[in-house]
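When a residue number appears, it is its place in the shown sequence, counting from 1. Bear in mind the structure is a predicted one, so any value in this text is a computation, not a measurement. Values reported hereafter were calculated over all heavy atoms of this structure, with side chains retained and with hydrogens, waters and symmetry mates removed.
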Amino acid sequence: MTKRKESPGPVRRVLRAIAALVLLLGLGAAAVVYLDYRRFADTPLAIEEERTIEVELGTPFVLIVRNLEQDGLTGAHPLMWRALALEMGVMDGLHAGEYVIGHGTTPRQLLQRMARGGVNQHSFTIVEGWTFRELRAALAKVPTLEHATSALSDAELMALIGAAGVHPEGRFLPETYKFPKGWSDQKLLERAHAALKSTLEREWAERDEGLPLESAEQALVLASIVEKETGRPDERPRIAGVFVRRLQKGMLLQTDPTVIYGLGTSFDGNLTRAHLVGDTPYNTYVRPGLPPTPIALPGRAAISAVLHPAAGAEIYFVSRGDGSHEFTATLDEHNRAVARYQLRRGR
C-alpha cells in the first residue's frame with residue numbers, strides 16, 4: 001500500500017512564506033541601496049560655485065570625509081564614500097594638497113583627482129628683464145609659497161640651490177612656473193635655475209660661427225644687455241647684431257642699462273652725463289668689452305638673438321621714444337638720429 005505524501009502544515013507554510021518575503025525584501029532593500037550608491041558615485045556634488053578644499057599631509061580617510069561633510073560637500077552617508085574608495089582602491093592612496101571642486105564634479109571624479117595628486121596649481125611668472133633683486137622681492141609677496149630663502153643672502157641662496165660661488169644675476173629663466181600650495185621658493189628657484197642652464201647650453205651648442213664670444217657665460221651677459229635695451233621681439237636680433245659688430249671692431253658697447261646697473265640702488269631714474277663718465281665695472285662707456293656679470297634676467301628670445309644675431313652693417317641705434325629704435329651704420333647718420341629723437345626731448 002502506497003503512503004500518501006503529507007502536505008506541509010499551516011505553520012510551516014506561513015514560515016516559508018515569511019522567509020521568502022524577508023528574502024525578497026532583503027534583496028529589494030539591497031537593490032535600492034546599490035542603486036543609491038551608484039547614483040551617489042556619479043552624480044555631481046550639490047555646489048553652486050567653485051570650492052577649494054585642502055587635505056593636509058597624513059590626514060586619514062575618515063577625517064577627509066568628515067571635512068567634506070563640514071563643508072557641505074558629502075552629499076551622502078560617509079559609508080557611501082568609504083564604499084566608493086574601497087571600490088576604486090584608493091582608500092590609502094589619497095594625496096595631500098589643495099583641490100578645486102568645480103560645478104559638475106562627482107564623488108568618483110574627486111577621489112580620482114585626489115588619488116593621482118591632481119592638486120590645484122598656482123603660478124608665478126619671472127618677468128624678462130627683471131633683476132635678481134626684483135625677482136626676490138616678487139617671490140617674497142607670493143602667499144602660496146613657503147619662504148625658505150627670505151632670510152638668506154644672495155650667496156647663501158645660490159649655495160642652497162646648488163650653485164655656490166655663482167653670481168645670481170641672470171641665472172633664472174623668465175617664464176611662468178606652476179606649483180602646488182606649500183611649495184617652497186627654493187624649489188621654484190631651483191627649477192628656474194635648471195631651466196636657464198639647459199636653455200643656455202642648448203643655444204650655445206647651436207650658435208652661429210664667428211661670434212666674438214668666448215663662452216656661454218659671455219653670451220648670457222650680452223643677452224641680458226639686449227633684454228634691457230628692447231622689449232620688442234623683432235628688434236632683439238638687430239640690437240644683438242649691433243653689439244656683436246661693436247665687439248668685433250673693438251668699439252665700446254656704450255649701453256645705458258649697464259651704467260644704470262652699476263649705479264645700483266643709488267640710481268634715481270635720471271641718467272646724467274656724470275654717470276656716463278664715472279668709472280664702474282659696469283660702465284661700458286669707459287670700459288671695453290662686456291661687463292663682469294649679467295645685468296638682468298634674459299629670456300629665451302634674447303639668448304637666441306645673441307647667438308643668432310641679425311646680419312648687417314648697423315653699429316648704432318637710438319630710441320625713438322615709442323619703444324622702437326632707429327638703426328644706423330655711420331656716425332653721421334647716428335648723430336642725425338640722435339638730434340631727431342633725443343635732443344628734441346631734452347636728453
**Item:** Between Y282 and T293, a side-chain donor and acceptor under 3.5 Å
**Value:** yes

**Item:** Side chains of D332 and T330, donor plus acceptor under 3.5 Å
**Value:** no

**Prompt:** Quick one: does P294's side chain get under 4.5 Å of E217's, heavy atoms only?
**Reply:** yes

**Message:** Do the side chains of E326 and R336 get close enough for a salt bridge, i.e. N-O under 4.0 angstrom?
**Reply:** no

**Message:** Determine whether a donor-acceptor pair (N or O, by modelled atom type, separation under 3.5 Å) exists between the side chain of H193 and the backbone of R171.
**Reply:** yes

**Prompt:** For the hydrophobic clusters of this structure (ILVMFWY residues joined by side-chain heavy atoms under 4.5 Å, transitively), does one cluster hold both F327 and V318?
**Reply:** no

**Request:** Start with the C-alpha gap between D234 and R232, add the side-chain angles, then the distance that decides, and say whether salt bridge (charged side-chain N to carboxylate O under 4.0 Å, His left out) holds.
**Result:** CA-CA 6 Å; D234 59 312; R232 290 176 57 115; 3.2 Å; yes

**Asked** If you round to the nearest 0.5 Å, how far is CG of L200 from CZ of R300?
**Response** 11.5 Å

**Message:** Taking G278's backbone N and O only, do any of them form a donor-acceptor pair with N283's side chain (distance below 3.5 Å, no angle check)?
**Reply:** yes

**Message:** Let me confirm one number: the CD1-OG1 distance from I225 to T258, rounded to the nearest 0.5 Å.
**Reply:** 6.0 Å

**Request:** Determine the minimum heavy-atom distance between Q218 and E214, stating which atoms define it.
**Result:** OE1-N, 2.8 Å

**Asked** Shared ILVMFWY cluster between I239 and I260, side chains joined below 4.5 angstrom?
**Response** no

**Heavy-atom closest pair, residues W183 and L188** = CZ3-N, 3.7 Å

**Request:** Start with the C-alpha gap between R236 and E227, add the side-chain angles, then the distance that decides, and say whether salt bridge (charged side-chain N to carboxylate O under 4.0 Å, His left out) holds.
**Result:** CA-CA 8 Å; R236 288 191 182 106; E227 191 68 79; 3.3 Å; yes

**Message:** Under a 3.5 Å cutoff, is there a donor and acceptor pairing between the side chains of S224 and E169?
**Reply:** no

**Message:** Less than 4.5 Å apart, side chain to side chain, heavy atoms only: is that true for L297 and L196?
**Reply:** no

**Request:** Look up atom CD in Q254 and atom OH in Y316, then write down how far apart they are to the nearest 0.5 Å.
**Result:** 8.0 Å

**Item:** Side chain proximity check, V119 to Q121, heavy atoms < 4.5 angstrom
**Value:** yes

**Asked** How long is the gap from CG on L290 to CD1 on I295, to the nearest 0.5 Å?
**Response** 10.5 Å

**Prompt:** Got a sec: does the CG of D92 have more than 12 other heavy atoms crowding it under 6.0 Å?
**Reply:** no

**Request:** Indicate, with yes or no, if L111 and V62 share a hydrophobic cluster defined by side-chain heavy-atom contacts under 4.5 Å among Ile, Leu, Val, Met, Phe, Trp and Tyr.
**Result:** no

**Message:** Please determine whether residues V166 and I303 belong to a single hydrophobic cluster, defined as Ile, Leu, Val, Met, Phe, Trp and Tyr linked transitively by side-chain heavy-atom distances below 4.5 Å.
**Reply:** yes

**Request:** Over all heavy atoms of both residues, which pair between A240 and P309 is shortest? Give the atoms and the distance, please.
**Result:** C-CB, 4.0 Å

**Asked** Taking the side chain from E134 and the backbone from T131, do they hold a donor-acceptor pair closer than 3.5 Å?
**Response** yes

**Request:** Look only at the side chain of T284 and the backbone of T255, and say whether a donor-acceptor pair between them is shorter than 3.5 Å.
**Result:** yes

**Message:** Test side-chain contact (heavy atoms from CB on, under 4.5 Å) on H122 and V142; report intermediate values, then the result.
**Reply:** CA-CA 10 Å; H122 299 269; V142 181; over 6 Å; no

**Prompt:** Counting only N and O atoms by type, is there a donor-acceptor contact under 3.5 Å from the side chain of H95 to the main-chain atoms of M114?
**Reply:** no

**Request:** Show your working on side-chain contact (heavy atoms from CB on, under 4.5 Å) between L84 and M80 and close with a plain yes or no.
**Result:** CA-CA 6 Å; L84 180 59; M80 291 283 195; over 6 Å; no

**Item:** Separation between CG of L110 and CD1 of I53, rounded to the nearest 0.5 Å
**Value:** 5.5 Å

**Message:** Can a side-chain donor-acceptor contact be found between E56 and T59 if the only test is distance below 3.5 angstrom?
**Reply:** no

**Item:** Shortest non-hydrogen contact between R245 and A313, atoms and distance
**Value:** NE-C, 3.9 Å

**Message:** Checking the side chain of R191 only, and the main-chain atoms of K178 only, is there a donor and an acceptor separated by less than 3.5 Å?
**Reply:** yes

**Message:** What I'd like to find out is whether the side chain of R136 reaches to under 4.5 Å of the side chain of R133, using heavy atoms alone.
**Reply:** no

**Message:** Give me the atom names and distance for the closest heavy-atom approach of A85 to F61.
**Reply:** CB-CZ, 3.6 Å

**Item:** Check: R238 side chain, G312 main-chain N or O, donor-acceptor pair, under 3.5 Å
**Value:** no

**Request:** Evaluate the salt bridge (charged side-chain N to carboxylate O under 4.0 Å, His left out) criterion for residues E146 and K187: first the C-alpha distance (whole Å), next the side-chain angles of each, then the deciding distance (0.1 Å), finally the verdict.
**Result:** CA-CA 10 Å; E146 289 186 2; K187 287 185 178 180; over 6 Å; no

**Message:** Show, in sequence, the C-alpha distance, side-chain angles and deciding distance for L222 and L213, and conclude whether the side-chain contact (heavy atoms from CB on, under 4.5 Å) test is met.
**Reply:** CA-CA 9 Å; L222 186 54; L213 302 170; 4.2 Å; yes

**Message:** I'd like to know if the side chain of E235 pairs up with that of T230 as donor and acceptor (distance under 3.5 Å, no hydrogens or angles considered).
**Reply:** yes

**For the student: nearest non-hydrogen atoms of A329 and I315, plus distance** = O-CG1, 3.6 Å

**Request:** Check whether any side-chain heavy atom of W130 sits under 4.5 Å from a side-chain heavy atom of F172, and report yes or no.
**Result:** no

**For Q112, all residues meeting side chain to side chain contact (heavy atoms under 4.5 Å, CB included), sequence neighbours excluded** = M88, R108, Q109, R116

**Request:** Quick one: do L253 and L247 satisfy side-chain contact (heavy atoms from CB on, under 4.5 Å)? Show the steps, please.
**Result:** CA-CA 7 Å; L253 292 183; L247 290 172; 3.9 Å; yes

**Message:** In this structure, is the centre-to-centre distance between the rings of F317 and F243 below 6.0 Å?
**Reply:** yes

**Prompt:** Between CE of M91 and CZ of R82, what distance do you get to the nearest 0.5 Å?
**Reply:** 4.0 Å

**Prompt:** Can F179 be reached from V127 by stepping across I, L, V, M, F, W or Y side chains whose heavy atoms are under 4.5 Å apart?
**Reply:** yes

**Message:** Keeping K181 on the side-chain end and G97 on the backbone end, is there a donor-acceptor pair under 3.5 Å?
**Reply:** no

**Message:** When you compare the side chain of L276 with that of D256, does any pair of heavy atoms fall below 4.5 Å?
**Reply:** yes

**Request:** Check whether any side-chain heavy atom of L189 lies under 4.5 Å from a side-chain heavy atom of L157, and answer yes or no.
**Result:** yes

